[in-house]
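Okay, so here's the structure we're looking at.
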Amino acid sequence: MVNFKIIAIICSLFLISSSVFAQDDMLHLLDSVVTTKKSERTIATFKGSKIINAQTTETVKKGTMDFNVAHSFGNVGEQSNGGIHTLFGLDNIADVRIGFDFGITNDLTLGVGRSKQKELIDGLVKYRLLTQTTDNHIPFSLAIFGDMAYNPQQATIFYNGVDLTAFTPRAIQRFSYVSQLIIARKFNWRFSVELLPSFQYRNFILGTINPENGNIETNSLFSLGGGARLKLTNRFAIILDYYYTFSKYRQHNLNPSYFSPLGLGFEIDTGGHIFHLTFTNCSGIIENNYIPNTTDDWLKGGYKFGFNISRVFSLSGKRHKK
């Protein structure tokens with residue numbers, strides 16, 4: 001019940017924010033009429049390619065490379081193996097991902113990365129189909145995102161729980177895939193929201209059964225994500241995102257081993273770097289890991305401190321405006 005309430009709240013942001021920020025939008029539109037006669041693209045709906053866990057509609061500019069590092073420590077709370085003896089999780093590392101994203105065009109990004117958790121090597125593509133305009137001729141931005149990950153772990157780890165003497169391992173079993181539609185709107189310079197209908201497919205699963213309701217784990221998973229960014233100053237913002245997975249096997253009231261991914265954090269823009277200081281119950285950083293495998297409870301201190309750092313480099317020798 002709580003999860004559906006959170007989804008309802010996220011969806012409602014698209015509706016209520018129009019009235020909450022109506023005055024700012026009206027003034028912005030009036031200014032636009034005075035200063036320009038043409039429709040212009042809305043910029044910086046979000047400041048980076050990700051909020052915390054969730055992707056955004058932002059892409060890397062043509063001819064540039066975004067070098068990004070995402071780091072997640074261990075659980076903060078003592079009930080979740082954190083507490084003072086692990087310096088509230090700082091002694092442990094849940095996951096680290098180093099990635100390189102390349103701007104093929106202003107709307108097309110290709111990227112590669114490697115994660116510590118499960119040793120995943122992934123390749124991603126993001127294409128922005130629509131960009132919101134300042135005159136609301138196009139009222140929202142729309143992008144599609146896809147990620148393919150390969151797990152190179154040793155067979156005894158990857159196939160843990162499987163009798164390998166009666167099973168034929170194949171390389172294709174180590175792949176997993178995520179596809180998303182990202183819908184985002186910037187209501188004014190302070191506030192942006194997005195929704196992310198998502199589909200994931202894993203080529204290999206154990207197929208375990210939830211004894212509480214008899215539902216079996218499935219290769220395919222549907223989920224709905226949401227995210228928001230609220231700027232407090234030109235350099236500082238509050239950010240959050242959330243996912244609900246439509247899996248009967250994972251119903252929390254009948255399977256307490258799984259929880260919905262939830263992230264809260266702060267965004268700091270130094271002018272040359274974008275820092276995200278975050279708290280999330282996800283142990284994995286990429287969608288292939290955290291959507292099906294979030295097992296920590298916020299209410300028991302199962303949230304982790306982390307940070308994301310992004311630095312953009314020009315590959316053409318030309319300077320690009322932010």
Side-chain angles (χ1 to χ4, degrees), residues 3 50 53-55 70 72 93-100 110-126 144-182 196-225 243-252 254-262 280-297 302 304:
N3 289 327
K50 296 186 75 173
N53 302 306
Q55 295 287 332
S72 180
I93 299 176
D95 200 3
V96 178
R97 182 182 184 273
I98 298 176
F100 300 87
L110 300 180
V112 294
R114 198 270 186 183
S115 301
K116 171 184 178 293
Q117 188 173 122
K118 298 185 178 180
E119 305 175 19
L120 290 189
I121 301 169
D122 72 287
L124 64 86
V125 56
K126 184 188 294 185
I144 53 175
F145 170 80
D147 189 282
M148 179 176 66
Y150 176 77
N151 186 325
Q153 288 179 314
Q154 295 178 354
T156 53
I157 299 176
F158 181 81
Y159 295 107
N160 184 32
V162 175
D163 183 5
L164 294 178
T165 61
F167 180 80
T168 303
R170 292 181 296 166
I172 193 67
Q173 296 163 350
R174 295 175 174 268
F175 285 92
S176 61
Y177 316 89
V178 171
S179 57
Q180 296 182 323
L181 186 66
I182 311 172
L196 304 94
S198 307
F199 173 75
Q200 178 173 11
Y201 190 86
R202 297 165 294 164
N203 284 349
F204 176 82
I205 59 171
L206 288 177
T208 53
I209 298 175
N210 182 344
E212 298 294 334
N213 59 16
N215 286 299
I216 190 171
E217 172 72 298
T218 58
N219 297 82
S220 57
L221 291 173
F222 290 94
S223 59
L224 176 64
Y243 275 88
Y244 180 78
T245 302
F246 299 94
S247 167
K248 293 181 179 179
Y249 174 80
R250 284 172 173 73
Q251 287 180 353
H252 174 55
L254 295 176
N255 194 340
S257 297
Y258 292 93
F259 294 85
S260 296
L262 172 64
T280 178
N281 63 334
C282 301
S283 58
I285 288 175
I286 68 172
E287 292 78 6
N288 309 62
N289 265 337
Y290 71 75
I291 289 179
N293 299 318
T294 296
T295 58
D296 289 316
D297 185 357
K304 307 155 187 65

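Just the heavy atoms: all of them, side chains too, but no hydrogens, waters or symmetry mates, feed the values below.
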Show, in sequence, the C-alpha distance, side-chain angles and deciding distance for N289 and S115, and conclude whether the side-chain hydrogen bond (donor to acceptor under 3.5 Å, both in side chains) test is met. CA-CA 10 Å; N289 265 337; S115 301; 5.3 Å; no

Give the C-alpha distance, both sets of side-chain angles, the deciding distance and a yes or no for side-chain contact (heavy atoms from CB on, under 4.5 Å) between L224 and F222. CA-CA 7 Å; L224 176 64; F222 290 94; over 6 Å; no

Before you tell me yes or no, could you show the steps for S283 and Q117 under side-chain contact (heavy atoms from CB on, under 4.5 Å), namely the whole-Å CA-CA distance, both residues' side-chain angles and the distance that decides it to 0.1 Å? CA-CA 8 Å; S283 58; Q117 188 173 122; 3.4 Å; yes

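Remark: T294 engages no residue in a side chain to side chain donor-acceptor pair (under 3.5 Å) (not counting sequence neighbours). Under the salt bridge (charged side-chain N to carboxylate O under 4.0 Å, His left out) criterion, R174 pairs with no residue at all, not counting sequence neighbours. Residues passing the side chain to side chain contact (heavy atoms under 4.5 Å, CB included) test with A54, sequence neighbours excluded: E194, L196, D241, Y243. Taking S247 as the reference, L221, T245, Y249, R250 meet the side chain to side chain contact (heavy atoms under 4.5 Å, CB included) condition, with sequence neighbours excluded. Partners of T165 under the side chain to side chain contact (heavy atoms under 4.5 Å, CB included) rule, at least two apart in sequence or in another chain, are D163. For N219, the side chain to side chain donor-acceptor pair (under 3.5 Å) criterion is met by no residue, not counting sequence neighbours. Under the side chain to side chain donor-acceptor pair (under 3.5 Å) criterion, S176 pairs with N288, not counting sequence neighbours. Remark: F167 engages Y159, F204 in a ring pair (Phe, Tyr, Trp, His ring centres under 6.0 Å) (not counting sequence neighbours). Scored by the ring pair (Phe, Tyr, Trp, His ring centres under 6.0 Å) test, Y201 finds no partners at all (sequence neighbours excluded).
The shortest non-hydrogen separation linking I291 to Q180 is CD1-NE2, 4.5 Å. The two atoms that bring E287 and P292 nearest to each other are O-CD, 3.7 Å, heavy atoms only. Listed here is the closest heavy atom pair of A94 and K304: CB-CD, 4.0 Å. In plain terms, the two heavy atoms of T280 and N53 that are nearest each other are OG1-ND2, 3.1 Å. The minimum heavy-atom distance linking L164 with P169 is given by the pair CD2-CG, 4.2 Å.
With D297 contributing its side chain and G302 its backbone, the two residues share no donor-acceptor pair below 3.5 Å. Looking only at distances, no side-chain donor or acceptor of K50 sits under 3.5 Å from a matching main-chain atom of Q55. In this structure, N281 contributes its side chain and D296 its backbone to a donor-acceptor pair below 3.5 Å. Between the side chain of N213 and the backbone N or O of K248, at least one donor-acceptor pair lies under 3.5 Å.
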With a 3.5 Å cut-off and sequence neighbours excluded, list the donor-acceptor pairs that the side chains of residues 118-125 form with protein atoms.
from : atom 1 : to  : atom 2 : distance (Å)
D122 : OD1    : R97 : NE     : 3.2
D122 : OD1    : R97 : NH2    : 3.3
D122 : OD2    : R97 : NH2    : 3.1

Would you give me the side-chain donor-acceptor pairs under 3.5 Å for residues 144-151, sequence neighbours excluded?
from : atom 1 : to   : atom 2 : distance (Å)
N151 : OD1    : Q153 : N      : 2.9
N151 : ND2    : Q153 : OE1    : 3.3

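Put simply, CG on N215 and CD1 on I209 are 9.5 Å apart, with the number rounded to the nearest 0.5 Å.
Annotation: salt bridge (Lys or Arg N to Asp or Glu O under 4.0 Å) contacts involving residues 202-216, sequence neighbours excluded, comprise R202-E217.
By the 30° and 60° cut-offs, the orientation of the rings of Y244 relative to F246 is perpendicular.
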